[in-house]
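The chains referred to below are lettered A, B, ... by the order of the sequence lines, with proteins before strands, and numbering in each begins at 1. As a basis for the values below, the full set of heavy atoms in this structure was taken, side chains included, without hydrogen atoms, waters or symmetry mates.
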Amino acid sequence: MNVHALVHARIIAALQALQSDGALPPGLDFTNVEVSPPRDAAHGDLASNAALVLAKTAKMKPRGIADKLVMKLKAMPEVQSIEVAGAGFINMRFAPGFWQSVVAAVLKERAAYGRVDLGKGERINVEYVSANPTGPMHVGHCRGAVFGDALVNLLRFTGYDVTAEYYINDSGAQVDALARSAYLRYREVLGEDIGEIPPGLYPGDYVKPVGAVLAKDYGRTLLDTPEDRWLPLVRDAAIAAMLVQIKEDLASLNVKHDVFFSERSLTLGHDEIKATIEELRNKGLVYEGRLPPPKGHDDGEWEDREQTLFKSTDFGDDVDRALMKSDGSYTYFAADMAYHHNKLGRGFLHLINVFGADHAGYLTRVKAAVAALSDGKADLDIKVCQLVKLFRAGEPVRMSKRAGTFVTLREVVDEVGRDPVRFMMLYRKNDAALDFDLAKVLEQSKDNPVFYVQYAHARAKSVFRNAGEVFPHLKEGSPDVLNADLSCLDDPGEIDLIKRIAAFPELVEGAARAHEPHRVAFYLYDLAAAFHGQWARGNDLPHLRFIQPNDGTLTAARLALIEANAHVLASGLALLGVLAPDEMR
RNA sequence: GGCCCCGUAGCUCAGCGGAUAGAGCACCUGAUUCCUAAUCAGGGGGUCGCAGGUUCAAGUCCUGCCGGGGUCGCCA
């Protein structure tokens, strides 16, 4: 049951009926007709802008349309009151019986409550994390990982066939540097004094085990081998080891990808990068030319030369983008173009990429590439996750990759736990910077929204445990609860809680459309607050307590409400990938 | 200098083009013989960075400034 959708459909039907009656002109565009809860609850439960939106094209006064619409809508059985307000808003208020029926619907639909079939089974590819396989994931990767994972959950919940994908940047200079670092560690294991790790290589201790594995697998045989022979072997071993670690890091956050796509696989057999470039060349979008030097900062290294360029300026980019490095190898962008070409070739018409803030400047050219490669038929949404600043009790945590003091994802998860990390990473809009305080996130107080929401769920479960001592037949999901006489739920606080529950499907739909999982987190906080509030009212007013030892009928109805509340809390937390505990200990 | 993100209460932040802009923290006042007080109720606190524009309607969209952060051919 989706209250919002139901009312919206009723309004559209009423508008069409007015057209049949000749009271409204034909050919009106209803797409901007919306239904939304008014900011001020005194205005009612739901309001519509229909009359305001249609006034101009219908060549009628807003209030004139509104009055006619109200006459039609008055017949709605759910409606308790309906009136025209302000410039032409239609404010509706629904009868308690209508809200009570929402509880019954939630109990019937259970985990399916809130599902909206936006995707209609269409396939969509969500690429996220995609960190270099040159070391463990650091805390900055956390946010993209959690964001992507929650977005995948949200899209699956709303009817999309989602492929969660990780692009492994396993070619280019960085993985060669990793291989050389591993080779040094290999020589170290065999007893050589390797001294300082040279600049440009990876000094971290995490490379040492790779050296040990190499020594075990190859003995001393690689020592006398020239670099062009050992490098591919060492590189493969090092990348494989890093990927194992990355997958473990992701698993610690409960983040799962369906596909790990290797950049190097693009050129292993058939050269897909070359094919992609040629395809664009045939479309007139790749050419040989020169770029102006970057403005505004002196770059002594700048060398003017003719190069292979993609005409991204045709798609709104500032400059055309290089596809070949001066040594003849492909740029990262050229490979990434081929990768997106590959995604399109696998039949994806909907693509989402999750980027870190440092890649924000890369966004336009990727969109340009997808537009060019799909002839505008595919859509790509790029979500940029802004920086995460790490604090401990208000003090910034200094990080330096060079000094080896950067904080890994694993350290954060081990220190504060998976649920707080996930929730806090989602308790902020993706494009706003995030301060993450390792000390505060562990405080089990109302300062911490994670525990606040989880506690609401645990509290709901606790009510059932306690109710069972008085009314053994009133178990969760029992017929006596499911068939309770819901007309007892007439306290304003109870109705408010139901209204909050009733808003869930619309909230999910909006979050999925906008690709904004944080909306779910904020919604859950509000829902939890409504529930905690109703609970506490029982402190002052004993007749509002959920368990009424002398009234099994009333208790059953309130338990039904609590069960519906718990269902929605659990569904929402599941979308965020956060546990909904039965008790807090 | 170009481009991207942010700017809303003292602080951290929500806010889908809609009506008198919200929450948490902090501060003040109150609630525990009672289902977990890990909670709740009440109070004060705002030129939504500035200036224009579009619109019946702008915190929200557009343009230009100001401030903070990020990024800037052959790193990924």
**Message:** Less than 4.0 angstrom between a side-chain N/O of A:W535 and OP1 or OP2 of B:U36, yes or no?
**Reply:** no
**Fill in**
Of the listed B:U39, B:A14, B:A19, the closest approach to the A:H518 side chain comes from B:A14
**Item:** Test item: side-chain donor near acceptor, A:Y202 and A:Q174, under 3.5 Å
**Value:** yes
**Prompt:** Within less than 4.0 Å of OP1 or OP2 of B:C16, is there a side-chain N or O belonging to A:S36?
**Reply:** no
**Message:** Any side-chain N or O of A:R459 below 4.0 angstrom from OP1/OP2 of B:A37?
**Reply:** yes
**Message:** As a check on the pairing definition, encode RNA chain B in dot-bracket form, counting Watson-Crick and G-U wobble pairs whose two distances are under 3.5 Å, and using | for partners outside this strand.
**Reply:** (((((((..((((....[...)))).(((((.......))))).....(((((..]....))))))))))))....
**Pairing residues for A:H8 by the side chain to side chain donor-acceptor pair (under 3.5 Å) criterion, not counting sequence neighbours** = none
**Message:** Would you measure the distance from the C1' atom in B:G73 across to the matching atom in B:G10 and give it in whole Å?
**Reply:** 46 Å
**Item:** Protein proximity profile, nucleotides 53-62 of chain B - base contact B, sugar-phosphate-only contact S, no contact -, cut-off 4.0 Å on heavy atoms
**Value:** --SB--B---
**Request:** For B:A76, take OP1 and OP2 only and decide whether either is under 4.0 Å from a side-chain N or O of A:Y339.
**Result:** no
**Item:** Closest nucleotide among B:C13, B:A76, B:G69 to the A:L387 side chain
**Value:** B:G69
Donor-acceptor pairs under 3.5 Å, side chain of residues 51-65 of chain A to any protein atom, not counting sequence neighbours: which ones?
from	atom 1	to	atom 2	distance (Å)
A:T57	OG1	A:L54	O	3.4
A:R63	NH1	A:G86	O	2.7

**Message:** Strictly below 4.0 Å: does A:N32 bring a side-chain N or O up to OP1 or OP2 of B:G17?
**Reply:** no
**Asked** Among the nucleotides B:G18, B:C35, B:G73, which one has an atom lying closest to any side-chain atom of A:F89?
**Response** B:G18
**Request:** Could you tell me which non-hydrogen atom of A:D320 sits nearest to which non-hydrogen atom of A:F310, and how far apart they are?
**Result:** CB-O, 3.2 Å
**Prompt:** Is there a donor and acceptor pair closer than 3.5 Å between the side chain of A:N91 and the base of B:A19?
**Reply:** yes
**Fill in**
Closest of B:U39, B:C5, B:C74 to the A:R305 side chain is B:C74
**Message:** Checking contacts here: which listed nucleotide (B:A76, B:U12, B:C35) is nearest the side-chain heavy atoms of A:R545?
**Reply:** B:C35
**Asked** Base, sugar-phosphate alone, or nothing: which one does A:A47 contact when heavy atoms must sit under 4.0 Å apart?
**Response** base
**Prompt:** From B:G18, B:G70, B:A76, pick the nucleotide closest to the side chain of A:Y362?
**Reply:** B:A76
**Prompt:** Of all residues at least two apart in sequence or in a different chain, which pass the side chain to side chain donor-acceptor pair (under 3.5 Å) check with A:S36?
**Reply:** none
**Item:** Positions of residues 315-323 of chain A (non-hydrogen atom under 4.0 Å from RNA chain B), listed by number
**Value:** A:D318, A:A322
